[in-house]
Each structure stands twice: as structure tokens, then as C-alpha cells.
Amino acid sequence: MTIIADSLQEIQVKIHTALRSANRQDTLQLLAVSKAQTADKLREAYLSGQRLFGENYLQEAICKQEQLADLNIEWHFIGPIQSNKTQLIAQHFDWVHSVDRLKIAQRLSDARPSKLAPLNICIQINSSFEDTKSGADLAEVTTLATAINQLPNLKLRGLMSIPAPASDYDKQRAQFKIVSDTFNSLKRQGFIIDTLSIGMSNDYVAAIHEGATIIRIGSALFGERKVSTT
Ligand SMILES: *Cc1c(COP(=O)(O)O)cnc(C)c1O
């Protein structure tokens with residue numbers, strides 16, 4: 001087995017253990033975060049069974065998509081979005097996890113080609129209460145979700161968050177609980193959503209205990225990134 005196949009299997013085992021200890025009967029999806037990885041690495045992960053890949057940088061992603069056009073990959077955009085990138089993002093991805101304002105959502109909907117299925121959207125929320133972090137404020141989430149639901153070429157799927165890094169498990173859980181509570185509150189308000197995109201290499205076990213349905217794993221799968229591109 002290759003190193004990537006090994007890591008993938010190791011992560012799957014940890015996911016199953018966490019689901020069981022959280023008494024969860026459902027499953028979750030593993031999004032392989034492939035920023036700064038070569039197309040060959042993605043192909044290797046694909047050959048080991050991985051189908052969902054997440055990218056942060058548009059040009060880098062499009063370049064890999066061209067090299068991997070023969071594979072049946074589901075592409076997720078998870079990086080910060082500038083307005084001038086919305087057209088290409090709407091054309092090249094199946095999901096966008098990092099929508100944090102209405103203007104971006106409107107532009108994505110306007111640019112989504114009609115021959116493609118609606119673009120799946122997660123609202124990125126700022127759960128760390130830091131001014132510098134991207135993400136919508138908790139107080140704005142209901143308004144933003146309502147507006148996104150009215151856009152014809154988008155399908156609101158749920159919430160995404162990147163809490164401040166914490167090494168302490170309880171602190172990780174507490175931060176994810178804020179996101180999970182917000183997600184459940186939207187559901188109680190009647191929103192039909194099914195996706196809670198939380199958890200990365202260092203905190204995905206905590207995220208699984210707080211109800212993650214997609215975890216976004218980079219370094220635990222591909223190894224440490226050589227160039228820091230975050
Ligand atoms: C880089 C990145 C990840 C993966 O981080 P790792 O710690 O390498 O698992 C997940 N989500 C987002 C939004 C990222 O930018």
C-alpha cells in the first residue's frame with residue numbers, strides 16, 4: 001500500500017471509532033483537502049477510494065482539474081472568495097463551503113451554468129469571535145440563509161467553520177458546539193439543511209462528537225504541507 005492509502009485507512013478507522021463512541025448511527029464524508037498537493041497525489045488518493053477533494057486556491061485547483069479530468073471527482077471550494085473569482089468558482093466546483101456574505105452568494109448564483117446542478121453552499125460562520133477571522137457573524141446567519149434560499153442556482157446545505165486552533169480537546173468541543181447549536185437552530189427554524197462542515201486534521205475527533213457530517217482533512221492524509229499556503 002502507498003503512504004496515502006495507509007493514511008486514508010487510518011483516518012477511516014479513527015472516524016468509525018469516533019462515530020461509535022459518540023453513539024452516532026449515521027456516517028460522514030471525508031473531504032480530502034489537497035491544496036499545495038500535486039495532481040499525482042490526488043490521483044493516488046482517488047485510486048485508494050477517495051472521491052471528494054477540497055481546494056483553496058482557484059488557479060491551482062483549475063490546473064489540477066484539467067489534469068484529473070478523467071476521474072469522477074466531486075470538487076469543493078473551501079478558500080476565501082474574492083468577488084472577481086466567483087464566475088470561475090461557479091463553473092468549476094460542485095460545492096462551496098466558504099460563503100460568508102450575500103454579495104458572493106448572488107454572484108455565484110448568477111454565474112452558475114444552467115446545465116449544471118445547483119451549486120451546493122455552506123455558510124462559513126465565525127465561531128471564534130475574532131475580528132480577523134473570515135466568516136459570517138452568528139447574528140447574521142438566519143438572514144443570510146434566508147436570502148441564499150431564494151437564489152435560483154444555489155442549494156443551501158449547511159454551515160462551515162474554522163475555529164481558532166486549540167490543542168485542548170474540551171476547548172475544541174466547546175468551539176464546535178457553537179457551530180452545531182447554530183446548525184440545529186436553523187433546522188428548528190425550518191431550513192432544510194444536512195451539512196455541518198467542521199473538523200480538520202488536529203480536531204476532527206472532537207468535531208465528530210459535535211455532529212460533523214463533513215470533515216476536511218489535509219495534512220493527516222497527505223503529510224505536512226511543504227509550503228504554508230494557509
Ligand atoms: C487547509 C484547510 C483544511 C485542512 O487542514 P489540515 O489541518 O491540513 O487538515 C481544512 N479546511 C480549510 C478551510 C483549510 O483551508
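Note that ligands are numbered from 1 as they come in the structure, with each ligand's atoms numbered from 1 the same way. These figures come from a predicted structure and were not determined experimentally. Values below: all heavy atoms of this structure, side chains included; hydrogens, waters and symmetry mates excluded. FYI, the numbering just counts along the sequence from 1.
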Point to revise | Element-labelled atoms of ligand 1 that are located less than 4.0 Å from some non-hydrogen atom of Val33 | key: 1 (C), 2 (C), 3 (C), 4 (C), 10 (C)

Check your understanding: Going by the atom numbers of ligand 1, which of them fall below 4.0 Å from some non-hydrogen atom of Arg216?
Key -> 4 (C), 9 (O), 10 (C), 11 (N), 12 (C), 13 (C)

Check your understanding: So, is Gly218 polar-close to ligand 1, with some N/O to N/O distance under 3.5 Å?
Key -> yes

Review point. Near Ile217, which atoms of ligand 1 are under 4.0 Å from a heavy atom of that residue?
Key: 9 (O)

Check your understanding: Does Lys187 have any side-chain hydrogen bond (donor to acceptor under 3.5 Å, both in side chains) partners at least two apart in sequence or in another chain, and if so, which?
Key -> none

Study note, to complete from the structure: Check: of Ala220, Ser161, Ser219, min heavy-atom distance to atom 8 (O) of ligand 1 comes from Ser219

Check your understanding: Taking only residues two or more places apart in sequence, or in another chain, which ones meet Arg24 in a side-chain hydrogen bond (donor to acceptor under 3.5 Å, both in side chains)?
Key -> Asp26

Exercise for review: For Ile78, counting its heavy atoms only, list the atoms of ligand 1 lying under 4.0 Å from any of them.
Suggested key: 11 (N), 12 (C), 13 (C), 14 (C)

Check your understanding: Just checking, any donor-acceptor pair under 3.5 angstrom between side chains of Ser34 and Lys64?
Key -> no

Point to revise | Gln124 side chain to Ser98 side chain, donor-acceptor N/O pair below 3.5 angstrom | key: no

Review point. Between Trp95 and Glu74, is any side-chain donor less than 3.5 angstrom from a side-chain acceptor?
Key: yes

Review point. Should Arg173 and Glu210 count as an ion pair when the cut-off is N to O under 4.0 Å?
Key: yes

**Study point:** Proximal ligand 1 atoms for Asn56, defined as those under 4.0 Å from one of its heavy atoms
**Key:** 14 (C), 15 (O)

**Study point:** 4.0 Å heavy-atom contact, Ile162 with ligand 1
**Key:** yes

Check your understanding: Should His97 be listed as contacting ligand 1, given a heavy-atom distance under 4.0 Å as the test?
Key -> no

**Study point:** Over 12 foreign heavy atoms within 6.0 Å of CD, Gln150
**Key:** yes

